[in-house]
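Throughout, numbering of the chain's residues begins at 1 and tracks the sequence. This structure is a prediction, so every number in the text was calculated from the model and none was measured.
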Amino acid sequence: MQAQAEQQSAAVLDAQKTLALEASASLDLDEEDTRALIDAQLRAAGWEADSVNLRYAQGARPDPGKAKAISEWPTRKGPADYVLFVGLTPLAIIEAKRKAKNVSASVTQAKRYSVGFKPEADLTLPRPHGAPDGFPGWDSGNTHDGKPEYLRVPFLFATNGRSYHRQYSLESGIWFLDARAQTHHPRPLEAWYSPEGLQHLLEVDVAGAHARLREEPTHYLGLRDYQLRAIRAVEEALEKGERNCLVAMATGTGKTRTTIGLLYRLIKVQRFRRVLFLVDRTSLGDQATDAFKEMRLEQSKTFTDIYDLRELGDAAPTEQTRVQVATVQAMVKRLFRPEDGEDAPPVDQYDCIVVDESHRGYTLDKQLNEGEETYRDFRDYLSTYRRVLDYFDAVKIGLTATPALHTREIFGDPVFAYSYREAVADGFLVDHEPPIRYVTRLAQQGIKFPKGSNVEVAVGSGQRDFWKLEDELLFEVDAFNRTVITEGFNRVVCRELANDLDPHLEEKTLIFCANDEHADLVVHLLKEAFQARYTDVPDAAVLKITGATDDVKAAIRRFKNERWPNVAVTVDLLTTGIDVPPIANLVFLRRVRSRILYEQMLGRATRLCTYTDETQKAVFRIYDAVDLYAALESVTDMKPLVKDLDIPPGQLIDEVLDPKAHAVAGADAGLTHADERLAQLAERMRRRIRRSHSPRAQVSETFKKAVERIETLTGTELERLPDVLRRGGAVSFASLLKKHPELRPALEMLLAPAQVMTNPRYIATEEDSLVAREREYPYGKKPEDYLESFRAFVKANLNVIPALSLVVSKPNGLTRQQLKELRLKLDGHGFDEKTLENAVADVQGTNVAIAASIMGFIRQQALGSPLKPYSQRVDAALQKLLASRPWTAAQRKWLEKFALQLKHQQVLDREALDSGPFKMSGGFAHIDKAFDGKALDVLSELQQQIWTDVA
């Protein structure tokens, strides 16, 4: 007990010393203080370190079973500041610099000491796997007197003791080089490797692991071809030394299954020891955990049958843990806000981090100037994801369906990409019909409140008031349900939804609302509409699933797995990552400006699904009540998880009063940091005053009392005070507060949040009505204009796009790959099968779309070929071919199989006969024998016969 108490006491003293030294960031620490800071950091990581007493000259030597940082170890090139020993093996050399010195370039000096390291009799020099006893070391890339120089110690560090700042990365942090390969480069760390972590790093045989990966089979993973290509792309990038990899795969294409297959392979060959699977929502973490438990791998075992998996809420990983699933929020708490008695994990706890839905992460919100870096924790400006990613020395693999600019800044360009349109073309995702637009009278005309009218407003949670308007107010549809609450609009939309949706069907619906209050209103109105339309709808059919829902996890589980609810009404909770295949209807009752977020929302409905009656989901539908495409941006960035810093007013005042702030330069020439903070304080005061004078503002009594107190103490009207303070300067402001101490709490009260409310929600009681129910076509075109654009595109590109020419002149010569590339080319110009089908139906005034296939639509525009359902064409061609000559029973069966597969793929070629259902039946070699070596000729004849109506 006493020993434990002494150990804890020493740790507390180290922490206090570290904080004291780091707090003097503006000081130029001498070498002794820098060493003391480094000693404390090393002890926190698990090393015995004391640069005063644990020195080579004082007899300090490595001991078996101990991890020591011995200072001033002699080498042929001079004394190394520290050498890190695990037992009798020297693993690393540290070059320590004064705090003011640039540290990144100092790794070269540590490399010199590694070359000059002198082996002693009792030492065990490190060496790679399989190296002979006479292993000379790792090639340094340098020569001396024509002879190569070898590194005897593989890991090199350089530091000045300063905490890592991304803004000053070259001058801060702990710079680390794994010198075992000349292609490795130094990188900054936030903390020191633990002895166990450094020992493990030595034991990892990267080259051997990748050699084993190349021999490792993939058949047992049960993955699709593109998923295997994604795995190979990541493995190849890792083998080239990449430490950041981005995988972009459309929602619904199996990113999680692909990742489980990838991680299993990497862990099996010992490329990685432990992986952190990082999510930003517990629902995503639960979903990932379920997948690890369900996906079958070798010998039909799951990942959790083979390896230890830590789930959400589990404690720190054990030695046996290979994957830990955690939320960003939980990791931030573990890393930066540990509970009393709990140590932050070492930087080597994970050697790989997988970031799910990585588009939601972000980079720095701003860069710090000198004054800000001195007086404010730089982490205030750093987003949540980035802090966690920077902390661990690990390979980072990002998963996303929608790679944004900020995602690429963290992970680089995708090493593999598989788009939504590709997945649709390959038949792995379903397409959507052109959105159905509900146009109401209020949406067209806007909601107007005349000048002088008394308007009911929502001014708080559940509070209502009446305001008399000094000016006329007009709200367009983008403000509906946000700034103006309009039950009439929502009632009309819900009535139309009840006509289009049947809650008794297995197809599920997801409705996106503006906020939680709006979601409550929609749930109420939709239940009313369903009851009026069908009379026998269970109350459980419609459910709100937002952050305010009781037991959210259970609600999501019911929506995913049970018959009811059939309709989920949400705000943001279900926009990304939730896998519910039966969703076939998406309803937008709020605008979305981010195209990335919009695509994520669409991804909720793209998955294939077979219902209990054996019918399959062929398409999904979009219902738009807010003119969604009018505001949708073509390119956008997602919002950061951590918003821009809002410095508390008390902290601003502290900085203005701090004497050091008067000596530190600000961002603008001639101004001190204190001057800039006073200007910021004055500007915030000016904005708060303007808000208080707004006709929409509701001012608290606390605010009024603060105004009265400030005007009495300063003798200045509040409107003039910001200018008076700025002109007086920081020194004058400090004197004023010293003279009137009670002025400070009054200022903080004035600037505190929620004292002035300027965003009330207006309540509109006007009834609404439906004006039109119409489809939205790309670029805002009418259906006939859309078809004309398609005709023009086909005509203009017949001799430009080879696949287009083949469809028209020789359709039986088209390969599957050519058809896929043609689909993607057409998609890029806004032309796809489902939209063309609906445009033709709208022009013809029918409710039945003709599934003519993309080839049928092209030939109709180019040749005038009649539009017929493609399946009918295939059936007719099969009957003609069967009647053309005698066939054996086996050949007839094969022809029927050809026809069935053509209905799904539109094109069959040599490659197709060696894949899918044909591969399971013997593949091309077997089929060709059945047709006496003429299988391809017969297949070509069948495909030509499909289009025989045009000479």
Output the distance between atom CG (Asp81) and atom OG1 (Thr159), rounded to the nearest 0.5 Å.
-> 11.0 Å
Side chain proximity check, Ile397 to Val234, heavy atoms < 4.5 angstrom = yes
Would a 4.5 Å heavy-atom cut-off, applied to side chains only, mark Phe392 and Glu190 as touching?
-> no
Could you tell me whether the side chain of Val115 reaches within less than 4.5 Å of the side chain of Arg152, counting heavy atoms only?
-> no
Check: Asp351 side chain, Arg274 main-chain N or O, donor-acceptor pair, under 3.5 Å = yes
Atom CD of Glu342: over 12 foreign heavy atoms under 6.0 Å | yes
Can you tell me how far the CD atom of Glu72 sits from the CZ atom of Arg55, to the nearest 0.5 Å?
-> 5.0 Å
Is there side-chain contact between Arg408 and Pro414, with heavy atoms separated by less than 4.5 Å?
-> yes
Taking the six-membered ring for Trp, are Phe85 and Phe117 parallel (under 30°), tilted (30 to 60°) or perpendicular (over 60°)?
-> tilted
Check whether any side-chain N or O of Thr89 sits under 3.5 Å from a backbone N or O of Leu91 as a donor-acceptor pair, and report yes or no.
-> no
Pairwise side-chain contact, Glu239 with Arg214, heavy-atom cut-off 4.5 Å (strictly under) = yes
Side-chain donor-acceptor pair under 3.5 Å between Lys77 and Gln109, yes or no?
-> no
Does the Arg310 side chain pair with the main chain of Val323, one donor and one acceptor, at a distance under 3.5 Å?
-> no
Classify the side-chain pair Asp39/Tyr82 by whether it contains a donor and acceptor separated by less than 3.5 Å.
-> yes
Candidate pair Thr407 and Leu246, rule side chain to side chain contact (heavy atoms under 4.5 Å, CB included), full reasoning = CA-CA 8 Å; Thr407 317; Leu246 182 62; 3.8 Å; yes
How far apart are the closest heavy atoms of Pro90 and Leu125, and which atoms are they?
-> CG-CD2, 3.9 Å
Can Val347 and Tyr391 be said to form a side chain to side chain contact (heavy atoms under 4.5 Å, CB included), step by step?
-> CA-CA 6 Å; Val347 296; Tyr391 183 86; 4.1 Å; yes
Check: Thr318 side chain, Gln320 main-chain N or O, donor-acceptor pair, under 3.5 Å = yes
Heavy atoms only: give me the nearest Leu335-Pro345 pair and the separation to one decimal.
-> CD2-CG, 3.3 Å
With a 3.5 Å cut-off and no angle check, do the side chains of Arg334 and Gln349 form a donor-acceptor pair?
-> yes
Between Thr256 and Thr259, a side-chain donor and acceptor under 3.5 Å = no
Look only at the side chain of Ser71 and the backbone of Tyr56, and say whether a donor-acceptor pair between them is shorter than 3.5 Å.
-> no
Keeping the roles fixed (side chain from His184, backbone from Asp178), state whether a donor-acceptor pair exists under 3.5 Å.
-> yes
Output, in order, the C-alpha distance, side-chain angles, deciding distance and verdict of side chain to side chain contact (heavy atoms under 4.5 Å, CB included) for Arg265 and Leu213.
-> CA-CA 7 Å; Arg265 287 167 56 82; Leu213 274 178; 3.8 Å; yes
Taking all atoms of both residues into account, what is the closest heavy-atom pair of Phe135 and Arg127, and its distance?
-> CD2-CB, 3.5 Å
Between the CG atom in Leu201 and the CG atom in Asp393, the distance rounded to the nearest 0.5 Å is 7.5 Å
Short side-chain to backbone donor-acceptor contact, Ser172 and Arg162, under 3.5 Å = no
Residue pair Leu266 / Cys352, side-chain heavy-atom distance below 4.5 Å = no
Rounded to the nearest 0.5 Å, what separation is found between the CZ atom of Arg281 and the CG atom of Leu312?
-> 14.0 Å
Rounded to the nearest 0.5 Å, what separation is found between the OH atom of Tyr193 and the CG atom of Leu198?
-> 7.5 Å
Donor-acceptor contact present, side-chain Gln324 to main-chain Ala316, <3.5 Å = no
Which pair of non-hydrogen atoms, one from Pro62 and one from Leu88, has the smallest distance, and what is that distance?
-> O-CD2, 3.7 Å
Parallel, tilted or perpendicular for Phe303 and Tyr307, by the 30°/60° rule?
-> tilted
Glu95 and Lys97: CA distance, side-chain angles, deciding distance, salt bridge (charged side-chain N to carboxylate O under 4.0 Å, His left out) verdict | CA-CA 7 Å; Glu95 173 63 18; Lys97 292 296 182 183; 3.2 Å; yes
Do Leu42 and Glu48 have side-chain heavy atoms sitting under 4.5 Å apart?
-> no
Give the ring-plane orientation class for Phe155 versus Phe176, where under 30° counts as parallel, over 60° as perpendicular and anything between as tilted.
-> tilted
Decide yes or no for Pro186 and Phe157: does some side-chain heavy atom of the first lie under 4.5 Å from some side-chain heavy atom of the second?
-> no
Atom of Cys245, atom of Leu238 and distance for their closest heavy-atom approach = SG-CD2, 4.1 Å
More than 12 heavy atoms of other residues, nucleotides or ligands under 6.0 Å from CG of Asn53: is that the case?
-> yes
Quick check: does any side chain N or O of Arg322 sit under 3.5 Å from a backbone N or O of Ile267, one acting as donor and the other as acceptor?
-> no
Here the gap from Ile94 atom CD1 to Ser51 atom OG, rounded to the nearest 0.5 Å, amounts to 10.5 Å
Go through Val355 and Phe277 one step at a time and tell me if the side chain to side chain contact (heavy atoms under 4.5 Å, CB included) criterion holds.
-> CA-CA 6 Å; Val355 183; Phe277 194 98; over 6 Å; no
What are the two closest heavy atoms between Tyr150 and Pro136, and how far apart are they?
-> CB-O, 3.4 Å
Take atom CD in Glu120; do more than 12 heavy atoms of anything else shown fall under 6.0 Å from it?
-> yes
Could you go through the salt bridge (charged side-chain N to carboxylate O under 4.0 Å, His left out) check for Arg43 and Asp50 one step at a time?
-> CA-CA 9 Å; Arg43 285 193 290 269; Asp50 184 344; 5.3 Å; no
Examine distances only and state if a side-chain atom of Thr400 and a backbone atom of Glu357 form a donor-acceptor pair shorter than 3.5 Å.
-> no
Report, as yes or no, whether the 6.0 Å neighbourhood of atom NE2 on His144 holds more than 12 heavy atoms from other residues, nucleotides or ligands.
-> no
